[in-house]
Number of protein chains: 2
Amino acid sequence: MPTSDADRRDWRPIATVDTVILTLDEGSLKVLVHRRQRAPFAGAWALPGGYIRPGEDDSAEEAALRVLRTKAGLPNFYIEQLATYSGPARDPRGWSISVAFLALVPRDLLPDLAEDVSLAAVDGLPDLAFDHGRIVRDAVARLRGKGAYSSLPAALLPESFTLPELQRAYEIVLGDHIDASSFRRKVLDLDMIEETGEAQAGVSKRPAKLYRLTGAARTFNRTLGAA
Amino acid sequence: MPTSDADRRDWRPIATVDTVILTLDEGSLKVLVHRRQRAPFAGAWALPGGYIRPGEDDSAEEAALRVLRTKAGLPNFYIEQLATYSGPARDPRGWSISVAFLALVPRDLLPDLAEDVSLAAVDGLPDLAFDHGRIVRDAVARLRGKGAYSSLPAALLPESFTLPELQRAYEIVLGDHIDASSFRRKVLDLDMIEETGEAQAGVSKRPAKLYRLTGAARTFNRTLGAA
DNA sequence: ACAATAGTGTCTTTAAGACATTATTCA
DNA sequence: TGAATAATGTCTTAAAGACACTATTGT
């Protein structure tokens with residue numbers, strides 16, 4: 001059994017974070033990816049990520065937030081831990097462990113996309129570096145799963161939104177049609193949202209009222225749309 | 001910025017796994033804890049856990065299974081990744097990252113408890129080493145959350161069980177009464193379980209039929225009992 | 001026969017789906 | 001006034017809750 005410090009070092013895997021940034025863009029769910037500059041997988045699309053820096057980061061989540069600030073210019077949004085991926089083969093540099101986070105971001109909060117950054121539709125995802133394809137699929141499954149019985153999809157919308165916009169967000173996330181009447185009943189009865197007092201402006205049809213989320217996330221005890 | 005190998009070593013946190021083994025015992029939900037032999041927290045109750053061993057383990061999950069085999073003598077049961085806990089303060093030995101797993105185990109599958117092993121009720125948990133109290137609370141929240149709309153609580157029962165036993169498992173997990181008639185309807189209509197053909201023996205009352213789970217886990221689109 | 005619990009039947013209640021109808025805006 | 005979409009109302013349907021009732025075992 002190795003006991004010197006030099007040997008012990010090999011017991012510690014490479015520790016990183018990866019972030020799955022999901023948003024609604026042009027009517028579909030998309031994930032932010034960037035082109036890797038460096039090996040391994042130079043030139044391939046990948047999720048924003050980076051090393052955990054003990055001494056700089058107070059937790060894996062802080063590391064993820066640092067990555068999001070630095071690499072994507074994102075200040076404020078919904079984030080939750082997704083899962084942790086590990087093993088000897090996922091990174092050619094060696095046995096690694098990556099804590100993945102799921103961030104839901106309104107499209108208008110994303111800064112203009114640089115040359116090497118792109119929004120990829122989660123249906124028909126291109127090949128991604130490392131095991132990032134798998135991570136994105138897990139993230140989408142999490143969002144779809146929770147979306148059916150919680151207010152999570154609202155995190156994809158800006159602070160104020162119309163009820164039809166909210167319904168559309170649910171429909172895109174769940175991949176299923178929702179009846180407008182049922183939808184309004186449910187979100188209003190649950191006090192999930194409240195009117196801002198404002199209404200849409202600059203539309204050539206009846207303008208919809210604007211709403212905002214009331215307080216914290218909510219869960220339903222019965223599913224909307226798809227199971 | 002450090003560049004030598006010796007400096008880079010400090011970039012890598014201590015990587016461990018912890019396991020939350022939940023079971024039903026004497027009508028309540030309990031977690032398996034053991035008394036630590038060594039510092040830190042020698043003498044305190046803690047979750048079974050250990051270092052991830054690159055070279056020996058093929059993933060964090062494999063490391064957890066190794067821990068469960070070695071420390072708890074457990075062969076075969078339900079396991080899922082819970083979450084990852086990290087930071088400079090949770091382990092006095094330094095910046096650490098621990099991948100926690102949730103295991104659901106039938107009581108009769110647990111070997112006889114050694115002197116330094118105990119089942120602690122999750123309500124009124126004693127103080128635990130590290131951040132293990134927090135981890136157990138998260139595990140219980142996960143089980144309660146998923147239990148309301150899935151067949152997960154069945155993983156706490158032996159391979160064959162009666163319908164009243166299954167109902168009781170749900171009631172303990174959810175902390176709420178469930179109507180027997182509704183419960184039977186739901187569980188049978190969903191084809192979640194099937195009769196084994198056998199019945200209880202050695203009871204001085206009407207013996208209940210025995211069931212087993214049919215195939216894989218199921219989810220409901222409406223909650224049983226509590227939201 | 002009776003104690004005890006397994007298991008069934010039926011009515012009520014809750015909440016979602018379908019879908020017709022009305023309301024409000026701008027051009 | 002007409003196009004477009006927001007918002008409401010009403011009936012149907014699915015599934016859970018309440019609870020009375022019947023069934024089956026050992027003593």
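The figures here come from the full heavy-atom set of this structure, side chains too, leaving out hydrogens, waters and symmetry mates.
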* To do: Let me know the distance between CG of Leu190(B) and P of dA15(D), rounded to the nearest Å.
  => 9 Å
* Structure fact -> Atom CD of Glu198(A) and atom C1' of dT25(C) are separated, to the nearest Å, by 17 Å
* Are Leu110(A) and Leu119(A) side-chain neighbours, meaning at least one heavy-atom pair lies under 4.5 Å? -> yes
* Structure fact -> Tyr149(B) atom OH is separated from dA16(D) atom C1', nearest whole Å, by 19 Å
* Verify the contact: side-chain N or O of Lys186(A) to OP1 or OP2 of dA15(C), cut-off strictly under 4.0 Å; return yes or no. => no
* Short N-O contact, Arg168(A) and Glu165(A), less than 4.0 angstrom -> no
* Mind running a 4.0 Å heavy-atom check of residues 161-172 of chain A against DNA chain C and sending the residues that fall below it, in number order? => none
* Structure fact -> Separation of dA6(D) atom P from Glu195(A) atom CD, nearest Å, is 15 Å
* May I have the distance from Leu210(B) (atom CG) to dA6(C) (atom C1'), rounded to whole angstrom? => 13 Å
* Structure fact -> Sorted by chain and number, sequence neighbours left out, salt bridge (charged side-chain N to carboxylate O under 4.0 Å, His left out) with Arg142(B) holds for Glu80(B)
* Asked: Would you say dG7(C) has OP1 or OP2 under 4.0 Å from some side-chain N or O of Arg184(B)?
  -> yes
* Asked: When you look at Asp18(A) and Tyr85(A), which way does the side-chain hydrogen bond (donor to acceptor under 3.5 Å, both in side chains) test go after all the steps?
  -> CA-CA 10 Å; Asp18(A) 286 303; Tyr85(A) 300 83; over 6 Å; no
* Length of the line joining Ile178(A):CD1 and dA16(C):P, which is rounded to integer Å -> 11 Å
* For Thr16(B), all residues meeting side chain to side chain donor-acceptor pair (under 3.5 Å), sequence neighbours excluded -> Ser98(B)
* Asked: Can you name the residues that form a side chain to side chain donor-acceptor pair (under 3.5 Å) with Asp25(B), not counting sequence neighbours?
  -> Lys30(B), Arg107(B)
* Quick one: Phe183(B) CZ to dG7(C) P, roughly how many Å, whole number? -> 12 Å
* Reading nucleotides 18-27 of chain D from the 5' end, what letters show protein touch, with B for base, S for backbone sugar-phosphate only, - for no heavy atom under 4.0 Å? -> BB---BBBS-
* Kindly confirm or rule out a cation-pi arrangement of Arg36(A) over Trp45(A), judged by NZ or CZ under 6.0 Å from the six-membered ring centre and within 45° of its axis? => no
* Within this structure, what is the CZ-to-C1' distance between Phe220(B) and dA14(D), rounded to whole angstrom? -> 16 Å
* Structure fact -> Heavy-atom nearest nucleotide on DNA chain C taken for Leu188(B) and for Arg222(B); more 5' hit belongs to Leu188(B)
* To do: Check step by step if side-chain contact (heavy atoms from CB on, under 4.5 Å) holds for Phe101(B) and Leu65(B).
  => CA-CA 9 Å; Phe101(B) 289 82; Leu65(B) 291 172; over 6 Å; no
Review item, side-chain donor-acceptor pairs of residues 202-217 of chain B, under 3.5 Å, at least two apart:
residue   : atom : partner   : partner atom : Å
Lys209(B) : NZ   : Glu195(B) : OE2          : 3.3
Arg212(B) : NH1  : Glu194(B) : OE2          : 3.2
Thr214(B) : OG1  : Asp191(B) : O            : 2.5
Thr214(B) : OG1  : Met192(B) : O            : 3.1

